[in-house]
Amino acid sequence: MKQEKIYLKDYKGPAFSVDSVHLDFNLNEDFCRVRAKSAIKQLTAGSALHLNGVDLKLIAVKINGQELQPTEYQVTAEELIIPSVPASFTLEIETQLEPQNNTSLEGLYKSSGIFCTQCEAQGFRKITYFFDRPDVMTSYSVTIEADKKKYPVLLSNGDRIKTEDLGNGRHKAYWSDPHKKPCYLFALVAGDLGVIRDTFTTTSGRKVNLEVYASHGKQDRCWHAMDSLKKAMTWDQDVYGLEYDLNDYMIVAIDDFNAGAMENKGLNIFNSRLVLADSSSATDTDFHSIESVVAHEYFHNWTGNRVTVANWFQLSLKEGLTVFRDQEFSADMTERAVQRIEDVDALRAGQFAEDAGPNAHPVRPESCMAVDNFFTMTIYEKGSELIRMMQTIVGRKGFRKGMDEYFRRHDGQAVTTEDFAAAISEPNGKDFSQFKRWYNQSGTPVVSVLEKFDAAAGEYHLTLEQSCPPTPNQPTKEPFHVPLMMGLLDKNGKELALNCEHITQNTDGKHLIELKDHKKTFVFKGIKERPVLSILREFSAPVNLHWEASEDDLYFLMEKDTDSFNRREMAQKMGLRVLSNLIAKARKGEALQVDEKYINALSAVIRDPNIDPSFKAKMLQLPSYAVLAQVEPVLDAEAFHKARVTVRKTIAKMNKAALLETYRQFHGVEPKSRDTKVFGHRQLKNQALSYLAELQDPEILEIVNKQYWDAQNMTDRMTALTILADSQSEYREKALQHFHDEWKNDSVVINKWFTAQASATSRPDVLKDVMALTQHPTFNLQNPNNVYSLLRAFSANIVRFNDPKLNVYEAYADKILEVDAKNPQVAARLCSAFNFVQKLDPVMKDKALTQIKRMVAAPNLSKNSRELLQSALT
Ligand code: ARG
Ligand code: ZN
């Protein structure tokens with residue numbers, strides 16, 4: 001078996017350039033003909049022509065109109081090679097495909113009768129032989145011919161030129177994209193789709209037609225995506241001065257899609273779960289995700305499309321930057337502090353785990369087997385943190401100056417993360433040479449904090465020491481350039497003036513320590529009383545802070561810090577201490593008693609009328625199982641569960657009346673509103689309900705059941721269903737049955753039903769439930785959303801997935817193999833379930849490794865899955 005890795009160090013620029021390409025598609029039920037005509041020039045004289053192509057049937061090749069003889073070219077499993085070509089020539093290639101049989105969902109495929117494409121990263125090579133690499137940019141014109149009745153809508157990138165009726169029941173559409181682009185941004189859609197329309201006028205007066213397409217009958221659920229698009233267009237103009245550059249912007253919702261969405265030029269293709277929403281079918285969280293992903297794909301038009309990546313190792317150039325932009329957009333649309341908390345929670349739960357596991361890799365990786373495995377939380381979310389740190393260092397104004405410079409230098413080019421760092425640092429007179437280690441070194445750095453107060457000298461000494469644990473291929477690391485936003489508080493919670501020569505203040509007025517050394521002591525003068533330190537404000541760097549702060553200080557900061565992020569962070573820190581303590585006891589079989597001070601502090605939060613409800617909900621969250629799995633030395637699912645449930649139950653018991661009051665205060669108020677405020681109220685009262693449900697009181701379960709049946713929005717309904725699905729209550733079956741009957745024909749909503757059942761942590765038979773659901777008539781193993789919402793949700797259910805009494809790993813591995821045979825990208829995403837393998841106790845670890853070995857040995861395992869699983873064995 002060929003097992004090649006590709007390396008960044010082997011990267012060479014293209015040997016040919018393409019002036020233009022014309023693609024002609026002839027779509028039929030059982031085959032599709034593609035004719036590609038390109039104008040090509042040699043950049044390096046004498047180069048043989050190597051074109052990428054996979055799973056293609058080659059019909060004909062012509063150079064300058066002359067058909068080549070089979071002796072004049074070679075076809076391998078991955079390439080078409082023409083050893084000798086003129087310096088400049090026209091190349092015509094005709095291929096034949098079977099989109100209806102394409103289960104990989106990359107290239108051209110069919111989803112619910114609709115032809116669609118997904119070319120990033122390397123799907124274009126499944127359409128025609130071409131330079132399937134992002135640094136070959138060219139202008140495209142496209143014609144699509146298909147049956148007029150079955151496929152009335154024919155879409156591609158750029159400008160709509162015309163549509164012809166061919167008279168024989170078929171029609172043909174002409175498209176032309178004036179902007180040069182790499183082939184991964186090519187897209188085509190053909191089908192019978194409904195559409196909603198609106199317009200947007202840009203600052204400079206361009207009137208843009210906005211269209212959102214979805215299957216017929218779903219148009220009513222497209223308006224939130226449309227509103228989100230207009231908000232994103234406005235925001236990008238206001239914040240970055242960036243305008244849209246075509247006359248049409250189209251979004252198409254597709255049921256079968258490997259990822260979330262794709263930023264194809266002018267024609268975004270979306271997973272329908274990230275487009276379709278109304279209050280009866282979508283939760284508040286769904287509305288929020290749709291807004292942020294619609295914005296993300298829109299923002300790519302500049303950060304990704306106008307300026308693209310030189311090679312796939314640079315993926316974070318566009319993804320990290322675009323995630324950063326969508327996070328900032330969301331912060332401006334909602335509550336900045338709450339948004340930051342959510343983003344950091346996601347980073348910690350997912351990316352920190354990735355960075356600590358067998359598949360840790362740098363934000364700019366050096367090698368890979370399967371390019372599609374690059375679409376990770378490290379590239380996206382850690383990548384975004386890198387951009388955020390740059391902004392923190394140069395300040396918002398400086399960052400905008402840098403972004404302007406980035407577009408001035410690189411518009412229309414395919415560039416690297418180095419180019420980006422230079423564009424931000426140079427106009428700001430900053431040196432990023434050390435900062436760039438963040439791109440090359442994997443692993444989550446640790447910053448340790450040591451404090452000393454010298455009352456006599458009036459000095460406060462802060463010693464910071466950094467290190468980074470070893471990661472695959474990187475046993476040792478060089479020190480990072482870590483921006484630490486900080487402050488010192490007096491005993492009343494007032495900010496003290498910072499008299500320290502190493503403190504900088506960025507253009508936003510934030511005080512920073514830029515830690516560059518391995519270890520350094522910072523001396524603050526003129527301090528009369530012992531101050532309380534607040535550090536890593538807003539989570540200004542993606543690090544683990546080791547800080548043995550006293551409990552008193554933590555409780556003080558929880559209440560008084562001027563940085564909201566840190567108030568909540570201290571609550572998490574205390575929660576972790578309490579949980580770790582209980583976990584240790586549970587592992588020894590000792591009785592669990594929750595620390596009273598901690599319960600009192602949370603009780604005070606519950607009762608405090610002055611805390612904003614959405615922020616309060618964040619304060620009251622206990623650290624997640626995913627976080628416990630990282631910080632605890634051993635992943636002991638039973639002990640985790642016992643500890644966490646005990647704390648939740650105690651909080652509920654001590655605050656039953658107050659929680660009920662919170663619930664009653666906000667329940668049923670403006671149930672259809674999607675205002676950020678109301679969203680926060682709903683979140684808090686539903687959290688109160690889920691705490692109360694820990695008590696297993698018949699009276700509470702009745703309230704939950706009533707909420708299920710009376711719900712006027714999906715948030716309330718799903719909260720109730722999720723609680724019932726994880727209970728032994730008599731109400732469970734009836735509610736689940738009802739939800740199923742209501743939504744069984746809705747490809748998007750039914751996924752919530754799978755997730756509710758797969759996420760149950762207290763029920764002992766979740767494995768049985770999940771495996772039975774894989775056989776359920778509404779479940780389709782070829783639909784990525786079904787797989788993610790059932791199987792991936794189950795693997796995220798750390799408690800039941802790692803239940804030592806069950807053979808979960810074996811059943812799960814069977815499913816990975818089954819999915820892998822049809823769709824390697826989706827299978828590979830399931831493999832991350834085994835990232836915690838080194839954290840398991842010896843018996844469980846052995847069970848997991850046995851399954852990993854079995855999968856790696858499977859005869860036709862894809863290289864996507866193999867790459868991720870193999871690393872767990874080394
Ligand atoms: N570029 C897309 C985005 O906006 C994601 C494409 C995912 N592709 C993949 N092969 N997983 O984030
Ligand atoms: Zn993206």
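First listed ligand is number 1; within each ligand, the first listed atom is number 1. For the numbers below, each heavy atom of this structure counts, side chains included, while hydrogens, waters and symmetry mates do not.
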> Ring centres of Tyr11 and Phe313 under 6.0 Å apart?
Replying inline: no
> Considering only the protein, which heavy-atom contact is closest to atom 3 (C) of ligand 1, and what is its distance?
Replying inline: Tyr380 OH, 3.4 Å
> Does Glu538 come within less than 4.0 Å of Arg340, counting only side-chain N to carboxylate O?
Replying inline: no
> Under 4.0 Å from any heavy atom of Gln825, which atoms of ligand 1 are there?
Replying inline: 9 (C), 10 (N), 11 (N)
>> Within ligand 1, which atoms have a heavy atom of Glu297 less than 4.0 Å away?
In response: 3 (C), 4 (O)
> With the Zn ion (ligand 2) as the point of reference, which N/O/S atom of His300 is the closest?
Replying inline: NE2
> Taking 4.0 angstrom as the limit, do Asp286 and Lys752 come out as a salt bridge?
Replying inline: yes
>> Suppose we measure from atom 10 (N) of ligand 1 to each protein heavy atom; which comes out shortest, and what is that distance?
In response: Asp372 OD1, 3.1 Å
> Taking the six-membered ring where the residue is Trp, are the ring centres of Tyr244 and Trp302 under 6.0 Å apart?
Replying inline: no
>> One pair to check against ring-ring contact (aromatic ring centres under 6.0 Å, His included): Tyr240 and Phe299. What are the steps and the verdict?
In response: CA-CA 10 Å; Tyr240 287 105; Phe299 297 152; 8.1 Å; no
> For ligand 1, which atoms, with element, lie under 4.0 Å from some heavy atom of Lys318?
Replying inline: 1 (N)
> Between Glu328 and Arg388, does at least one N-O distance fall below 4.0 Å, as a salt bridge requires?
Replying inline: yes
> Considering only heavy atoms of Arg829, which atoms of ligand 1 have at least one such atom less than 4.0 Å away?
Replying inline: 11 (N)
> Does any N, O or S atom in Glu319 come within less than 2.8 Å of the Zn ion (ligand 2)?
Replying inline: yes
>> Do the side chains of Asp355 and Lys382 get close enough for a salt bridge, i.e. N-O under 4.0 angstrom?
In response: yes
> What about Phe801 and Phe794, are their ring centers closer than 6.0 Å?
Replying inline: yes
> Can you list the atoms of ligand 1 that are under 4.0 Å from a heavy atom of Ala261?
Replying inline: 2 (C), 3 (C), 4 (O), 5 (C)
> Is ligand 1 under 4.0 Å from a heavy atom in the side chain of His296, in the backbone, in both, or in neither?
Replying inline: side chain
>> Looking only at side-chain N and O atoms, does Trp235 offer a donor or acceptor that is under 3.5 Å from a partner on Asp332?
In response: yes
>> At less than 4.0 angstrom from any non-hydrogen atom of Ala259, what atoms of ligand 1 do you find?
In response: 7 (C)
> When you measure from atom 6 (C) of ligand 1 to each heavy atom in Glu263, Gln122, Glu120, which option holds the nearest one?
Replying inline: Glu120
>> I'd like to check which ligand 1 atoms, numbered from 1 as shown, lie under 4.0 Å from a non-hydrogen atom of Met262.
In response: 1 (N), 2 (C), 6 (C)
